[in-house]
There are 2 protein chains.
Amino acid sequence: MARALDVVSSRSALLIMREAFYGTTRFDDFAERADISAPVAAARLRELVEDGLLEREPYREPGQRTRMSYRLTDKGADLVPVLVALMQWGDHWLQPAGPPVILRHRECGETVHAELSCAAGHQVSADDLELAVGPARS
Amino acid sequence: MARALDVVSSRSALLIMREAFYGTTRFDDFAERADISAPVAAARLRELVEDGLLEREPYREPGQRTRMSYRLTDKGADLVPVLVALMQWGDHWLQPAGPPVILRHRECGETVHAELSCAAGHQVSADDLELAVGPARS
DNA sequence: CCGTATCCACAACGATACTG
DNA sequence: CAGTATCGTTGTGGATACGG
């Protein structure tokens with residue numbers, strides 16, 4: 001987890017990732033929607049590309065010059081549960097007016113949330129957890 | 001989510017929360033296990049108590065003077081899915097040796113992970129998501 | 001053992017101005 | 001539109017030293 005935090009522990013990094021998850025691809029849109037300044041957006045986008053969470057892809061609209069678009073890689077998309085869990089927590093505890101954005105399952109239309117579950121499919125609450133030392137524990 | 005990040009966007013805050021989740025309650029243990037300096041631990045613990053994620057509770061062992069212990073509040077415990085999702089991501093993408101800590105379901109012994117699911121009980125992947133504007137969208 | 005006080009370094013961020 | 005350059009401010013964090 002400490003390593004994960006080295007990559008995404010800054011406010012702007014998570015906000016950029018949220019926007020990428022929302023489907024934002026263009027520089028100015030990242031800056032505006034995440035409400036961060038352009039220099040910060042530039043720095044963060046560069047780092048996130050370096051770390052393999054986003055990929056820069058040139059594209060060209062007919063008659064326009066080449067632009068860059070930023071999209072989630074698999075590594076970046078795998079961070080979505082973190083983003084959703086964070087939104088959920090913020091909506092529940094810090095947002096009096098209720099969630100500004102609602103996530104739905106495309107197939108059935110039901111609302112989506114992040115939760116803990118075990119390999120047997122049970123839903124797990126935080127105090128049903130047992131901790132065990134894994135292979136990489138020094 | 002931006003509000004959530006105002007509370008927990010710092011590296012040390014999440015590491016402290018992880019330790020609290022692991023069951024750490026004492027000042028020195030927080031500093032040592034999260035590998036942060038004592039002043040930072042003190043500052044972060046104070047802020048997390050102010051924000052209602054942890055609660056300070058005096059306790060006294062027989063014959064000892066009063067000590068303080070820090071424990072998760074409901075608000076803090078509700079952050080556990082975020083922590084688990086973050087660990088999972090770090091273990092998968094940044095930790096070549098595999099997970100240092102394994103979480104198990106107390107009842108059935110199976111490993112636990114964070115995932116997205118919908119109100120109908122389906123497991124949901126990141127690209128099965130649809131975004132809708134919620135009540136608090138300005 | 002449980003912190004606090006001080007000082008310092010560096011990272012994060014915003015504002016502004018500028019370029020292709 | 002898509003950035004870069006520079007500057008100043010604040011936040012985050014380590015080191016050290018100190019007090020209950």
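Every chain is numbered from 1, with letters handed out A, B, ... down the list of sequences. When reading the values below, keep in mind they use all heavy atoms of this one structure, side chains included, and skip hydrogens, waters and symmetry mates.
Distance, Phe27(A) CZ to dG3(D) P: 6 Å, rounded to whole Å. Taking atom CG of residue Asp35(B) and atom C1' of nucleotide dT12(D), one finds them 15 Å apart after rounding to whole Å. Regarding Tyr70(B), its OH atom lies at a distance of 8 Å from the C1' atom of dG3(C), rounded to whole Å.
Qualifying side-chain hydrogen bond (donor to acceptor under 3.5 Å, both in side chains) partners for Asp29(B), counting only residues two or more places apart in sequence or in other chains: none. Scored by the side-chain hydrogen bond (donor to acceptor under 3.5 Å, both in side chains) test, Ser69(B) finds no partners at all (sequence neighbours excluded). Remark: Gln95(B) engages Arg3(A) in a side-chain hydrogen bond (donor to acceptor under 3.5 Å, both in side chains) (not counting sequence neighbours). Applying the ring-ring contact (aromatic ring centres under 6.0 Å, His included) rule to His122(B) yields the partners His105(A); only residues at least two apart in sequence or on another chain are considered.
For dA2(D), one of the phosphate oxygens OP1 or OP2 lies less than 4.0 angstrom from a side-chain nitrogen or oxygen of Arg26(A). Residue Tyr59(B) places none of its side-chain N or O atoms closer than 4.0 Å to OP1 or OP2 of dC1(C). The side chain of Arg44(B) contributes no N or O atom lying less than 4.0 Å from OP1 or OP2 of dG11(D). Put simply, Ser12(A) has no side-chain N or O that comes within less than 4.0 Å of OP1 or OP2 on dA12(C). Taking side-chain N and O atoms only, Arg56(A) has a distance below 4.0 Å to OP1 or OP2 of dG3(D).
Around the CG atom of Asp6(B), the shell of radius 6.0 Å holds more than 12 heavy atoms that belong to other residues, nucleotides or ligands.
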Determine which bases of DNA chain D form Watson-Crick or G-U wobble pairs with both distances under 3.5 Å, and write the result as a 5' to 3' dot-bracket string with | for other-strand partners. ||||||||||||||||||.|

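A salt bridge links Glu57(B) to Arg71(B): at least one charged side-chain nitrogen sits closer than 4.0 Å to a carboxylate oxygen.
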Enumerate the protein-to-nucleotides 15-20 of chain D contacts in which both atoms are nitrogen or oxygen and the separation is below 3.5 Å.
unit_1: dG20(D); atom_1: N2; unit_2: Arg65(B); atom_2: NH2; d: 2.7

